[in-house]
Asker: 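Got a structure here, written out as structure tokens. Questions coming.
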Amino acid sequence: HPRQPLQPNTPQSCLGIMGGGQLGRMFAHAAQSLGYRVAVLEPEAGCPAAQVAEHHVGTGYEDPDGLAALSALSRHVTTEFENVPADSLKALAMRGFVAPAGDCVSIAQDRLVEKHFFTRCGAQTGVYPAPHWGIADQKDVASASETLFPGILKTVRMGYDGKGQVRVRDREELAAAFAAMRGQVCVLEKMLPLAYEVSVLTARGVDGAAEVYPIAENVHRDGILFTTLVPSPHVSPDVAEKAQKAALDIIGELGYVGVLCIEFFVLQDGSLVVNEMAPRPHNSGHYTIDACVTSQFEQQVRTLAQLPLGDVRQHSPAAMLNLLGDVWFEPDSEIAREPAWDKVLALPGANLHLYGKAEARRARKMGHITFVAATLAEAQLALAQACDILG
Ligand code: ADP
Ligand code: MG
């Protein structure tokens, strides 16, 4: 397929996306703002992205008719979720331009393949994944090194937000945890002494030009992202530079086109460990909408349309708070309530983003707020006040 930009504002200027969640919705906002129409393929009616997109193909992700319909609407297709069937991306690539490519997405879909890839990049990046061991059967349970305990057993596929993970203190607990996984292939990772966690957002165009955003520092609660602070309060210039360089090496080595987010651990001794990557915009990059010249979603649009990458400069310190369904309930109770948005919106520097999900459920991502300010401390103060208001 010819490498030529899909200009906005023409009869052909429609961008396609696999998946209809909040990442697809924010992609659509960015695409529309640049003068593109958007087609979403997602089985669920009324999903966050379909609420705002011009076209909705309501089939399963593997439905040949659905994929053909999406291709007919748009010759440029991307994905908003990691577990999109790689074969569907490959089928779409027969009829148009797909970014990221199915091959890159399949690496990110399997923790073991991903770790092998990171290990291979290690010679160049100087950054390696946590010590680990693939667990496919009882033999692997028996042969796992004693040095991997205490560890975390993770399913290699389909895990997210801490789901599909069990902490194991010893081999006996490993055997029990693996049995409970009912035959799913897993990876045992050594539990590392984390000082803090960061992520690095990168983008790369078809021409091979790549950009890297500032380091974001992430705090998780119960395995789900809780807040992101940028600039990172803890990272040293050395570690920041090493992580950003590793991220650029990784995106280049993949020959990746699109937005890629890489999570790292910083250990108590200051060393850097690469954890996992997401082949799409990432929750920890939502701050870019309000605090950077070019948001991660606009960057996804630009890479998909084969336009030049946008400016990744951050113009304001930012503190992002995820809004989970929990804040739609009275504390420690099942009594539903509407959060006091009027009070939250009165806080300085508040940018509220709600995803249009009909039903609030605990632990479900419903929206986020990014506080921007002249200093990170001010943004953090507003975030703390929002937490008080939201209970
Ligand atoms: P997910 O796909 O659910 O985000 P992760 O591998 O990122 O899975 O794990 C979720 C969280 O669990 C991490 O952000 C980190 O806080 C913790 N964690 C994961 N692996 C390790 C490890 N090897 N050592 C210590 N903490 C870990
Ligand atoms: Mg993670």
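Note that ligands are numbered from 1 as they come in the structure, with each ligand's atoms numbered from 1 the same way. Along the sequence shown, residues carry numbers from 1.
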Asker: Starting from atom 15 (C) of ligand 1, find the nearest protein heavy-atom neighbour and note its residue, name and distance.
Answerer: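 Answer, as residue, atom name and distance: E197 OE2, 3.3 Å.
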Asker: Give a yes-or-no answer on whether the side chains of Y213 and Q296 include a donor-acceptor pair shorter than 3.5 Å.
Answerer: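 Short answer, no.
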Asker: When the ring planes of H353 and H368 are compared, do they come out parallel, tilted or perpendicular, using 30° and 60° as the limits?
Answerer: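 If you compare the ring of H353 with that of H368, the planes turn out parallel.
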Asker: Any side-chain donor paired with an acceptor under 3.5 Å for Q32 and E54?
Answerer: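 Yes, side-chain donor-acceptor contact under 3.5 Å.
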Asker: Just to confirm my output: which protein heavy-atom neighbour is closest to atom 24 (N) of ligand 1, and how far is it?
Answerer: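 Atom 24 (N) of ligand 1 sits closest to the protein heavy atom L192 N, 2.9 Å.
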Asker: Regarding ligand 1, does R167 bring an N or O atom to under 3.5 Å of one of the ligand's N or O atoms?
Answerer: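 In fact, backbone or side chain, R167 has no N or O that close.
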Asker: With heavy atoms under 4.0 Å as the rule, classify the contact between M191 and ligand 1 as side chain, backbone, both or neither.
Answerer: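 It is both parts that get close, each with some atom under 4.0 Å.
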Asker: In the protein, what heavy atom is nearest to atom 1 (P) of ligand 1, and what distance, to one decimal place, separates them?
Answerer: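 Protein heavy atom at minimum distance: E276 OE2, 3.3 Å.
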Asker: Using a strict 4.0 Å cut-off to heavy atoms of G162, name the atoms of ligand 1 that fall inside it.
Answerer: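 Those of ligand 1 that fall under 4.0 Å from G162 are 1 (P), 3 (O).
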Asker: Work out whether the distance between some heavy atom of R111 and some atom of ligand 1 is less than 4.0 Å.
Answerer: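 Under 4.0 Å: yes for R111.
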Asker: Considering only non-hydrogen protein atoms, determine which one is nearest to atom 19 (C) of ligand 1 and report residue, atom name and distance to 0.1 Å.
Answerer: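 Protein heavy atom at minimum distance: K154 NZ, 3.3 Å.
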Asker: Among all protein non-hydrogen atoms, which one is nearest to atom 21 (C) of ligand 1, and what is the separation to 0.1 Å?
Answerer: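 For this ligand atom, the closest protein heavy atom is I152 CD1, 3.4 Å.
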Asker: Decide whether N218 and T228 meet the rule of one side-chain donor and one side-chain acceptor closer than 3.5 Å.
Answerer: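 On atom types as modelled, these side chains qualify, holding a pair under 3.5 Å.
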Asker: Any protein heavy atom lying closer than 4.0 Å to atom 11 (C) of ligand 1?
Answerer: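 Under the 4.0 Å cut-off, atom 11 (C) of ligand 1 has no protein heavy-atom neighbours at all.
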Asker: Using heavy atoms and a threshold below 4.0 Å, how should the contact between K190 and ligand 1 be classified: side chain, backbone, both, or neither?
Answerer: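 Within the 4.0 Å criterion, K190 contacts ligand 1 through backbone atoms alone.
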Asker: Please write down residue, atom name and distance for the protein heavy atom closest to atom 26 (N) of ligand 1.
Answerer: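 Result for atom 26 (N) of ligand 1: L194 CD1, 3.6 Å.
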Asker: Would you mind checking if R362 and E334 are paired as a salt bridge, meaning a charged N to carboxylate O distance below 4.0 Å?
Answerer: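 R362 and E334: salt-bridged.
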Asker: Tell me whether D161 has at least one N, O or S atom under 2.8 Å from the Mg ion (ligand 2).
Answerer: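 No, outside the cut-off.
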